[in-house]
Amino acid sequence: QVQLVESGGGLVQPGGSLRLSCAASGFTLDNYAIGWYRQAPGKEREGVSCISSSDGSTYYADSVKGRFTISRDNAKNTVYLQMKSLKPEDTAVYYCAADSGVGSVQTMCVMTPYDQSLYLGVWGPGTLVTVSS
């Protein structure tokens, strides 16, 4: 079975840190670009950060740039999202998704929800991050 599973979410106070993991099974992750997306209550799903399968290039949404870091460990078939200086507006369900034919990580991360469903074929079930005091 081709599968992605997110983990590492939870409750954290503003200014705190969390590291999310996206673990792949049933396929080799190093052949895929991977994106992290999030959906806050009452809002559309948006791209957060994406990483390529080839040269390791990355993209970050303006709202998280300087605070979040995406990385991959192909030996563990896992992609990570290190989140620091968390803010209440970071509260959301975080998803990872994979695709081998995106073309660029910027394109992957700025897709509309419609295009996300059209072009990204593998999604995890999500992990909830709550930033609150």
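Every heavy atom of this structure was used, including side-chain atoms; hydrogens, water molecules and symmetry mates were not.
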Shortest non-hydrogen contact from Gly8 toward Thr127
N-OG1, 4.2 Å
ILVMFWY network linking Met83 to Val12, side-chain heavy atoms under 4.5 angstrom:
yes
So do Arg38 and Asp90 actually touch side chain to side chain, heavy atoms under 4.5 Å?
yes
Is it the case that Asp55 and Ser57 place a side-chain donor and acceptor less than 3.5 Å from each other?
yes
Can you give me the closest heavy-atom contact between Gln82 and Leu18, atom names plus distance?
NE2-O, 3.4 Å
Mind checking what makes side chain to side chain contact (heavy atoms under 4.5 Å, CB included) contact with Pro125, not counting sequence neighbours?
Glu6
Using every non-hydrogen atom in the two residues, find where Ser49 and Cys109 come nearest and quote the distance to one decimal.
C-SG, 3.3 Å
Nearest heavy-atom pair of Thr58 and Val105: which atoms, and what distance?
C-CG2, 3.9 Å
Do Phe68 and Leu86 come close enough that some side-chain heavy atom pair is under 4.5 Å?
yes
Using the rule that Ile, Leu, Val, Met, Phe, Trp and Tyr join whenever any side-chain heavy atoms are under 4.5 Å apart, tell me whether Trp123 and Leu20 fall into a single cluster.
no
Transitive ILVMFWY side-chain link Tyr119 to Val2, under 4.5 Å:
no
Answer yes or no: does atom CD of Glu89 have more than 12 heavy-atom neighbours from other residues, nucleotides or ligands under 6.0 Å?
yes
Considering only heavy atoms from C-beta outward, does the side chain of Val131 approach that of Pro14 to under 4.5 Å?
yes
Check whether any side-chain heavy atom of Ile70 lies under 4.5 Å from a side-chain heavy atom of Tyr60, and answer yes or no.
yes
Are Tyr80 and Tyr94 connected into the same hydrophobic cluster when the rule is that any two of I, L, V, M, F, W, Y join if their side-chain heavy atoms are below 4.5 Å apart?
no
Considering non-hydrogen atoms only, spot the tightest contact between Gly35 and Cys50 and give its length.
CA-SG, 3.5 Å
Without placing hydrogens or testing angles, list every side-chain donor-acceptor pair under 3.5 Å for residues 71-79, not counting sequence neighbours.
from  : atom 1 : to    : atom 2 : distance (Å)
Arg72 : NE     : Asn74 : OD1    : 3.1
Arg72 : NH1    : Tyr32 : O      : 3.1
Arg72 : NH1    : Ser52 : O      : 2.6
Arg72 : NH2    : Leu29 : O      : 2.7
Arg72 : NH2    : Tyr32 : O      : 3.0
Asp73 : OD1    : Ala75 : N      : 3.2
Asp73 : OD1    : Lys76 : N      : 3.4
Asn77 : OD1    : Leu29 : N      : 2.7
Asn77 : ND2    : Ala24 : O      : 3.2
Asn77 : ND2    : Phe27 : O      : 3.0
Thr78 : OG1    : Lys76 : O      : 2.9

Check whether any side-chain heavy atom of Leu120 lies under 4.5 Å from a side-chain heavy atom of Met108, and answer yes or no.
yes
Of all the heavy-atom pairs spanning Ile34 and Ala98, show the shortest one and how long it is.
CD1-CB, 3.4 Å
Find out if a path of hydrophobic residues (ILVMFWY) with successive side-chain heavy-atom gaps under 4.5 Å connects Tyr37 to Ile51.
no
Do Gln116 side-chain atoms and Met111 backbone N/O form a donor-acceptor pair below 3.5 Å?
yes
Test Thr69 against Lys84 for side-chain contact (heavy atoms from CB on, under 4.5 Å), laying out the working first.
CA-CA 9 Å; Thr69 303; Lys84 300 179 179 179; over 6 Å; no
